[in-house]
Student: 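Handing you a structure now.
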Amino acid sequence: MANFAKPGGPQFSVDVYQNEYLPEGGREVNAIVTVTARGGTAPAGPGASAAVVLMVDCSGSMDYPPTKMRNARDATAAAVDTLRDGVHFGIVDGTHVAREVYPGGGRLAVADSTTRAQAKQALRRLGAGGGTAIGTWLRLADRLLAGADVSIRHGILLTDGRNEHESAAELKDTLDACAGRFTCDARGVGTDWEVKEVTGIASALLGTADIVADPARLTEDFTRIMESTMGKEVADVALRVWTPVGTRIKFVKQVAPSVTELTDRRSEAGPRAGDYPTGSWGEESRDYHLCVEVPAAGVGQEMLAARVSLVTAQPDGSAQNLGAQGLVRAVWTDDMAASTSLNAQVAHYTGQAELAQAIKEGLDLRKAGDMDGATAKLGRAVQLAGVSGNADTAKLLAKVVDVVDAPTGTVRLKAKVAEADEMTLETRSTKTVRVKK
């Protein structure tokens with residue numbers, strides 16, 4: 001384990017959990033890398049160097065029922081109240097076009113008692129009407145955030161409907177353009193939005209996604225998001241993974257607090273090194289699963305399979321090394337007990353990733369009318385949720401299937417499932433529980 005304290009920010013540490021022993025000829029090395037940031041002291045003033053843009057869906061469907069638009073205004077006002085003095089912020093009205101609600105003029109306001117009051121006054125004038133083109137909202141947010149001289153750039157996006165006024169390709173192009181420029185939390189309110197769109201936005205922009213089935217709970221959710229955002233202190237942190245000649249990285253994924261695939265997001269960082277983005281950090285801990293393929297070797301040989309360190313992007317495009325690093329090793333042995341023992345951390349998170357995949361596939365099969373396939377997949381999900389102690393996911397599954405026997409994964413599909421329950425399970429399927437260490 002290595003530690004590093006960024007001046008004025010948290011201290012980072014890296015811990016590696018693995019079974020380093022391989023049988024003769026074994027080639028696959030798995031490790032769980034835990035990254036922890038502790039001891040940060042988010043400043044109360046403008047030293048926070050943060051900017052936030054709130055994107056509020058104002059399409060026509062937000063008027064059905066009318067309380068939905070009122071709840072959205074109230075939630076956004078509560079988020080504005082949560083802003084610390086000195087934080088740059090703006091509000092965007094999203095329909096089939098994007099419009100600046102506050103402050104306007106292609107710029108962001110700086111939070112204080114006056115600007116917060118002005119923003120809440122502007123929110124009162126928001127009404128519903130028009131279509132939905134989420135890519136336009138994100139591009140406007142990107143332009144506004146890019147104009148602020150800050151290190152932390154964050155978006156909060158609320159939608160209640162499907163992205164019907166632009167193509168999937170247009171939204172993907174927008175996400176590709178915005179990736180790495182700001183992070184974004186996305187929320188779907190009600191049940192008329194598309195889960196894969198909202199979770200896809202959050203995944204691409206390294207934020208969180210969730211459902212707020214009851215619009216009355218938006219204020220609570222928005223306040224929690226903003227409090228989390230105000231705790232971020234180090235932006236653009238990446239896992240830098242170095243591997244020796246002859247090795248190949250099979251995958252890198254975040255596995256806690258949720259499953260997020262990072263393998264294809266690698267950017268080259270010098271000879272045999274690549275950076276995998278993790279977004280902004282406050283005082284928190286996350287787990288990553290690294291799988292490396294090494295050259296086959298004989299009994300008694302050992303090698304460094306990978307070195308994991310942390311870097312953060314600098315304004316000039318360079319990367320500052322945060323000092324914390326962990327080593328992943330491979331040791332070949334003829335001790336069968338040693339080489340076949342599965343590390344508890346690796347086993348736990350392999351199961352959590354399989355759980356998320358089983359839920360996704362089960363729900364897709366259910367929608368496609370393949371009830372036998374859906375039953376098998378969701379039964380496996382129930383089994384995995386029980387084994388891993390993921391009680392929250394088990395409760396969500398129980399709203400979609402009748403559990404006959406959890407340990408064997410024996411279930412029956414419910415004849416009637418509330419749309420909100422199915423969407424909640426799908427949206428939260430990637431949320432994981434930490435393994436007890």
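What you see is a predicted model; the values in this text were computed from it and never measured.
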Student: Is there a donor in the side chain of T132 and an acceptor in the side chain of N163, or the other way round, less than 3.5 Å apart?
Tutor: no

Student: Taking only residues two or more places apart in sequence, or in another chain, which ones meet E227 in a side-chain hydrogen bond (donor to acceptor under 3.5 Å, both in side chains)?
Tutor: none

Student: Look at the side chain of T223 and the backbone N and O of T219, then say whether any donor-acceptor pair between them is shorter than 3.5 Å.
Tutor: yes

Student: Check for a donor-acceptor pair, side chain of Q357 on one end and backbone N or O of L355 on the other, with a separation under 3.5 Å.
Tutor: no

Student: Among all residues two or more places apart in sequence or in another chain, which pass the ring-ring contact (aromatic ring centres under 6.0 Å, His included) test with H289?
Tutor: F251

Student: Any salt bridge between R224 and D221, counting N to O under 4.0 Å?
Tutor: yes

Student: On a heavy-atom basis, which atom in A406 and which in V403 lie closest, and how many Å separate them?
Tutor: N-CG1, 3.7 Å

Student: Show every donor-acceptor pair shorter than 3.5 Å between a side-chain atom in residues 189-196 and any protein atom, with sequence neighbours excluded, or say none if there are none.
Tutor:
unit_1	atom_1	unit_2	atom_2	d
W193	NE1	G190	O	2.9
K196	NZ	D364	OD1	3.2
K196	NZ	E426	OE2	3.0

Student: Ignoring hydrogens and angles, tell me if any N or O in the side chain of H96 forms a donor-acceptor pair with the backbone of G131 under 3.5 Å.
Tutor: yes

Student: For the backbone of G135 and the side chain of E166, can you confirm whether one donor and one acceptor N or O come within less than 3.5 Å of each other?
Tutor: yes

Student: Atom OG of S61 and atom CZ of R162: how far apart are they, to the nearest 0.5 Å?
Tutor: 10.0 Å

Student: Can you list every side-chain hydrogen bond (donor to acceptor under 3.5 Å, both in side chains) pair that touches residues 105-116, not counting sequence neighbours?
Tutor: D85-R116, D112-T115

Student: Salt bridge (Lys or Arg N to Asp or Glu O under 4.0 Å): which pairs involve residues 132-159, sequence neighbours left out?
Tutor: D142-R181

Student: Using the test side-chain hydrogen bond (donor to acceptor under 3.5 Å, both in side chains), find all partners of N390 that sit at least two apart in sequence or belong to another chain.
Tutor: Q352, T393

Student: Quick test of your reading of the model: are R38 and E283 salt-bridged, counting only N-O distances below 4.0 Å?
Tutor: no

Student: With no hydrogens and no angle check, just 3.5 Å: does a side-chain donor-acceptor pair link T243 and R307?
Tutor: no

Student: Given 3.5 Å as the limit, does a donor-acceptor pair link the side chain of S59 with the main chain of G130, or not?
Tutor: no

Student: Quick one: does E170's side chain have a donor or acceptor within less than 3.5 Å of a partner on S167's backbone?
Tutor: yes

Student: In the structure I gave you, are the side-chain heavy atoms of Y17 and V346 within less than 4.5 Å of one another anywhere?
Tutor: no

Student: Distance to the ring centre below 6.0 angstrom and angle to the axis at most 45 degrees; does that hold for R99 and W137?
Tutor: no

Student: Using only atom types and a distance under 3.5 Å, with no angle test, would you say the side chain of R380 pairs donor to acceptor with the backbone of G409?
Tutor: no

Student: I need the I201 CD1 to L171 CG distance, nearest 0.5 Å.
Tutor: 5.5 Å

Student: Would you please say whether a donor-acceptor pair under 3.5 Å links the side chains of T424 and D421?
Tutor: no

Student: Once side-chain hydrogen bond (donor to acceptor under 3.5 Å, both in side chains) is applied, do any residues pair with T159, and if so which ones, sequence neighbours excluded?
Tutor: D57

Student: Determine whether H165 and I134 make a side-chain contact, defined as any pair of heavy atoms from C-beta on separated by less than 4.5 Å.
Tutor: no

Student: Filter on salt bridge (Lys or Arg N to Asp or Glu O under 4.0 Å), then keep only pairs touching residues 119-136, sequence neighbours left out; what's left?
Tutor: D81-K120

Student: R412: which residues meet the side-chain hydrogen bond (donor to acceptor under 3.5 Å, both in side chains) condition with it, sequence neighbours left out?
Tutor: none

Student: What pair of heavy atoms forms the shortest contact from V80 to A119, and how long is it?
Tutor: CG1-CB, 4.2 Å

Student: With distance as the sole criterion, is a donor-acceptor pair present between the side chains of D185 and H154 under 3.5 Å?
Tutor: yes

Student: With no hydrogens and no angle check, do the side chains of D287 and T34 hold a donor and an acceptor under 3.5 Å apart?
Tutor: yes

Student: Of all heavy-atom pairs between A204 and A179, which one has the smallest distance, and what is that distance?
Tutor: O-CB, 3.9 Å

Student: Going by the rule ring-ring contact (aromatic ring centres under 6.0 Å, His included), which residues pair with Y102 if we only count those two or more places apart in sequence or in a different chain?
Tutor: F89

Student: Is a donor on one side and an acceptor on the other found under 3.5 Å between the side chain of Q254 and the backbone of S258?
Tutor: yes

Student: Report, one line per pair, each donor and acceptor closer than 3.5 Å where one atom sits in a side chain of residues 65-72; sequence neighbours left out.
Tutor:
unit_1	atom_1	unit_2	atom_2	d
K68	NZ	Y64	O	3.3
K68	NZ	D160	OD2	2.8

Student: Can you pull the salt bridge (Lys or Arg N to Asp or Glu O under 4.0 Å) pairs that have at least one residue in residues 251-267, sequence neighbours excluded?
Tutor: R266-E268

